[in-house]
Amino acid sequence: MWKRKSLDILLSEADESEKGLKRTLSSRALVALGIGAIIGAGLFSLTGIAAADHAGPAVTLSFVLAAVGCAFAGLCYAEFASMIPVAGSAYTYSYATMGEFVAWIIGWDLVLEYALGAATVGVSWGSYLNKLLAQFGMSIPPEFSSAPAEGGIINLPAIFIVCLLSLLLIRGTKESAFVNNILVVMKLTVVIIFIILGWQYINPDYHVPYIPEYVPAHVTETGEKVGEFGGMSGIAAGAGLVFFAFIGFDAVSTAAQEAKNPQKGMPIGILGSLAICTILYVLFSYVMTGLVPYTVFKGDASPAATAFAVTGYNFLQTGLIVAILAGYTSVILVMLMGQSRVFYSMSKDGLLPTFFGDIHKKFRTPWKTNIFFMVFVSIFAGFVPIKDLGHMVSIGTLFAFSLVCLGILIMRKKMPNAERSFRVPLVPFVPIAGIAVCFYLMYALPAESWLRLLVWMAIGVSLYFIYGKKNSKLND
């Protein structure tokens, strides 16, 4: 259970072979990949939910707090990615530092981050698609565009986009990256336009008080459970929710085995995309909460479109929604790609059936894994509400980040002389601070999120002892 995978084995796996993954991604493509995964539902949808339910106008501070935690984790990811340029992200790093059992736990946990992250964005994609159709006098009936818990039968738009992008990923990484680059340009354009044009219409009254008065978690007269609101606790709860908005940067590390120069490109891709998106997030959320009262965003899955409507730029409203849809599309694309690469790595190690490690002879992609997650993610996207999905993704991501930070502390002690093209500064402060921030944000999430995490992990541990431990190639 505690055997570690040696660096020599990992580096030999990174060498390209005729049957392996194809190295096609430049440093610029990796930054675009990170931006493609980061800017999406967290910005265009969860910002409004975090403002209305937890932080008010201080949702900007929630983004800053989440970004600090991400920065600590991002530095740790960058060092690992420069040392171990292998597909698998945190799963691979844990295998090298903390052993097989912890690696399995983190690999299983990443399903919460990537697969359910793709499902979450798919739900929001469907909401914005209906707004676009409304511009032309059309709509998808609520029963076919909402989860059962929201009064619908099935969310067909969310399922459609998940299936479409899964098929694109089967076609090839280079082709997927090209489509992602186009979507990223559209997405950045609309975020910048939103900030510039919206800034002129900010009503300062909507930012007063900037940090609302603290209200503890309670049950309303109607029986609805309400989380903490206002004060530092509300900001922290909001940060735990919008943390989902930052998870894309670590998806870059899953593509390490497909990078042209991973030792140089991975740190640039991870830290570059994180820095660019943090600045845009703070500005975007400041403008959004200044256009309308934050209470308007209660239960609104498409708050950016709601806020921008007050500017009067009706001719841009359609373009805004189209660009947001493009942005969501790139997020789902990168999340599905990241998930397939994690399971590909786990299959290669024998912890999962060989089914997940099969490479397509022509396209050289893990196509069977893509098909599996096309079905798995579609089920969650079609039948689970966005708020529940968002909390599950956030707690899974925070747990993964904290283990990566812990891995750096272990790696510096166990392998101090291993070659690194990037080193985390101020060790042990940065990794310890990363762990502390991640656990603080996990603590701020609802109790239901912890329960779901424990249930999910219990299932994962059972599968490890039933299949993974017996079939592990390292233990053979």
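In this text, all values refer to a predicted model and were calculated from it rather than measured experimentally.
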Report task. Determine, step by step, whether Ile459 and Tyr464 satisfy the side chain to side chain contact (heavy atoms under 4.5 Å, CB included) criterion, reporting the C-alpha distance in whole Å, the side-chain angles of both residues, the deciding distance to 0.1 Å, and the verdict. Result -> CA-CA 9 Å; Ile459 295 170; Tyr464 173 74; over 6 Å; no
Report task. Take atom CZ of Phe372 as the centre, draw a 6.0 Å sphere, and report whether it contains more than 12 heavy atoms from other residues, nucleotides or ligands. Result -> yes
Report task. To the nearest 0.5 angstrom, please state how far the OH atom of Tyr344 sits from the CD atom of Gln339. Result -> 15.5 Å
Query raised in the report: To the nearest 0.5 Å, how far apart are CG in Leu453 and CG in Asp109?
Result: 6.5 Å
Query raised in the report: Does a side-chain heavy-atom distance below 4.5 Å link Val64 with Val282?
Result: yes
Report task. Start with the C-alpha gap between Leu351 and Lys469, add the side-chain angles, then the distance that decides, and say whether side chain to side chain contact (heavy atoms under 4.5 Å, CB included) holds. Result -> CA-CA 7 Å; Leu351 302 182; Lys469 190 172 187 295; over 6 Å; no
Query raised in the report: What pair of heavy atoms forms the shortest contact from Thr47 to Ser285, and how long is it?
Result: CG2-CB, 3.8 Å
Report task. Please check if the side chain of Ser402 supplies one atom and the backbone of Phe399 the other of a donor-acceptor pair under 3.5 Å. Result -> yes
Query raised in the report: Is the backbone N or O of Phe356 less than 3.5 Å from a side-chain atom of Thr369, with the two atoms forming a donor-acceptor pair by type?
Result: yes
**Report entry** Pair Tyr77 + Phe401: ring centers closer than 6.0 Å
**Finding:** yes
Requested in this report: Answer yes or no: is there a side-chain heavy-atom contact under 4.5 Å between Leu280 and Leu188?
Outcome: yes
Requested in this report: Please step through side-chain hydrogen bond (donor to acceptor under 3.5 Å, both in side chains) for the pair Tyr91 and Ser345, ending with a clear verdict.
Outcome: CA-CA 8 Å; Tyr91 159 76; Ser345 296; over 6 Å; no
Query raised in the report: Any side-chain heavy-atom pair from Ile161 and Pro157 closer than 4.5 angstrom?
Result: no
Query raised in the report: Do Ile154 and Phe144 come close enough that some side-chain heavy atom pair is under 4.5 Å?
Result: yes
Query raised in the report: How far apart are the C-alpha atoms of Arg452 and Ile395, what are their side-chain angles, what is the distance that settles it, and do they pass the side chain to side chain contact (heavy atoms under 4.5 Å, CB included) test?
Result: CA-CA 9 Å; Arg452 290 178 187 132; Ile395 197 164; over 6 Å; no
Query raised in the report: Mind checking whether Leu165 and Met337 have side chains closer than 4.5 Å, heavy atoms only?
Result: no
**Report entry** side chain to side chain contact (heavy atoms under 4.5 Å, CB included) evaluation trace for Arg4 with Glu100
**Finding:** CA-CA 6 Å; Arg4 296 194 304 272; Glu100 183 176 278; over 6 Å; no
Report task. Using a 4.5 Å cut-off on heavy atoms from C-beta on, say whether the side chain of Ile35 contacts that of Cys277. Result -> yes
Query raised in the report: So, Ser146 side chain and Pro142 main chain: donor-acceptor pair closer than 3.5 Å or not?
Result: yes
Query raised in the report: Hey, what do you get for CG (Leu129) to CG (Leu133), rounding to the nearest 0.5 Å?
Result: 4.5 Å
Report task. Measure across His54 and Gly238 and return the closest heavy-atom pair with its distance rounded to 0.1 Å. Result -> CB-N, 3.8 Å
Query raised in the report: Any sub-3.5 Å donor-acceptor pair from Ser347's side-chain atoms to Gly357's backbone N or O?
Result: yes
Requested in this report: Report yes or no: does Asn471 contribute a side-chain atom to a donor-acceptor pair with the main-chain N or O of Tyr467 at less than 3.5 Å?
Outcome: yes
Requested in this report: Supply the atom-to-atom distance Ile435 CD1 to Leu403 CG, rounded to the nearest 0.5 angstrom.
Outcome: 8.5 Å
**Report entry** Side chain proximity check, Phe72 to Pro431, heavy atoms < 4.5 angstrom
**Finding:** no
Requested in this report: Could you tell me whether a side-chain N or O of Glu79 sits under 3.5 Å from a main-chain N or O of Arg423, the two making a donor and an acceptor?
Outcome: no
Query raised in the report: In this structure, which one of Phe376, Phe373, Phe355, Trp104 forms a ring pair (Phe, Tyr, Trp, His ring centres under 6.0 Å) with Phe343?
Result: Phe373
Report summary line: When every non-hydrogen atom of Ala50 is compared with those of Val59, the smallest separation belongs to CB-CG2, 3.9 Å
Query raised in the report: Can you name the nearest heavy-atom pair linking Ile105 to Val461, along with the distance?
Result: CD1-CG2, 3.5 Å
Report summary line: Closest non-hydrogen contact found for Ile235 with Ser62 is O-OG, 2.9 Å
Query raised in the report: Which class fits the ring pair Trp108 and Trp456: parallel under 30°, tilted 30 to 60°, perpendicular over 60°?
Result: parallel
Report summary line: Shortest non-hydrogen pair, Val437 vs Gly69, comes out as CG1-CA, 3.5 Å
Query raised in the report: Charged N to carboxylate O below 4.0 Å: is that the case for Asp349 and Lys473?
Result: no
Report summary line: Between the CG atom in Leu110 and the CE atom in Met346, the distance rounded to the nearest 0.5 Å is 8.5 Å
Validation: residues 438-450 side-chain donor-acceptor distances under 3.5 Å, sequence neighbours left out:
| from | atom 1 | to | atom 2 | distance (Å) |
| --- | --- | --- | --- | --- |
| Trp450 | NE1 | Met442 | O | 2.9 |

Report task. Enter the distance from Ser124:OG to Ile332:CD1 here, rounded to the nearest 0.5 Å. Result -> 9.0 Å
Query raised in the report: Heavy atoms, side chains only, cut-off 4.5 Å: are Trp125 and Leu325 in contact?
Result: yes
